[in-house]
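Some notes on the structure that comes next.
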Amino acid sequence: MQRFNKLRAEQTVSAGYGMLKMPLTGKAELVAGARVETSDQGVEAKSPFVTTAVPVDVRLKATDVLPSANLTYRISDRMNVRGGFSVTLSRPELREMSPFDMYDYETGYSEVGNTQIHSTRIENYDARWELFPG
């Protein structure tokens with residue numbers, strides 16, 4: 001286990017979103033869009049005092065396109081059937097990227113980050129029937 005006493009961490013996320021709302025028929029409508037995200041996460045760990053500790057620089061840089069679509073069919077003025085799809089991301093926390101041990105006060109255990117960790121792409125699907133009684 002390496003010991004570090006100097007840590008620098010940073011995270012930047014920039015994003016933009018575009019959406020299109022399009023009637024398909026008198027009763028069906030499509031709403032579709034995409035979010036484009038550019039992210040940069042970095043952790044630098046080094047020790048000026050421990051000469052055997054190798055400095056570690058972990059960086060995750062990515063540009064992700066996250067599409068979404070929602071199709072609505074109006075059965076009546078008070079009832080819809082809807083289907084949706086979207087993509088989201090789960091990025092690691094900076095401490096999860098850090099190559100040193102940290103004490104977790106809730107569990108009572110030490111945890112060590114993983115320098116090989118990466119973001120997770122999540123696909124979401126949704127189908128529903130909607131009723132508006134009032």
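In this structure, V65 belongs to a hydrophobic cluster whose other members, linked by side-chain heavy atoms under 4.5 Å apart, are V36. Counting side-chain heavy-atom gaps under 4.5 Å among Ile, Leu, Val, Met, Phe, Trp and Tyr, F132 is found in no cluster with other residues. The other residues sharing a hydrophobic cluster with V81 are Y73, I75, M79, W129, L131, where clustering joins ILVMFWY side chains under 4.5 Å apart.
Among residues two or more places apart in sequence or in another chain, the side-chain contact (heavy atoms from CB on, under 4.5 Å) test is passed with T38 by T63. A search for salt bridge (charged side-chain N to carboxylate O under 4.0 Å, His left out) contacts involving D40 returns R59, not counting sequence neighbours. Residues forming a side-chain contact (heavy atoms from CB on, under 4.5 Å) with Q116 (at least two apart in sequence, or on another chain): N114. Listed by chain and residue number, nothing satisfies the salt bridge (charged side-chain N to carboxylate O under 4.0 Å, His left out) test with R121 (two or more places apart in sequence, or in another chain). For Y17, the side-chain contact (heavy atoms from CB on, under 4.5 Å) partners at least two apart in sequence or on another chain are M19, R35, S68. For E96, there are no salt bridge (charged side-chain N to carboxylate O under 4.0 Å, His left out) partners two or more places apart in sequence or in a different chain. Residues passing the side-chain contact (heavy atoms from CB on, under 4.5 Å) test with L60, sequence neighbours excluded: Q41, P92, M97. Remark: D126 engages R128 in a salt bridge (charged side-chain N to carboxylate O under 4.0 Å, His left out) (not counting sequence neighbours).
Heavy atoms only, all atoms of each residue included: G42 and L94 are closest at O-CD2, 4.0 Å. For T88 against N124, the heavy-atom pair with the smallest separation is OG1-ND2, 3.3 Å.
The line from CG of N80 to CG of L71 is 10.5 Å long, rounded to the nearest 0.5 Å. For the atom pair I122 CD1 and L89 CG, the distance stands at 7.5 Å (nearest 0.5 Å).
Applying the salt bridge (Lys or Arg N to Asp or Glu O under 4.0 Å) test to pairs two or more places apart or on separate chains, those with a residue in residues 77-94 are E37-R91, R82-E130, E93-R95.
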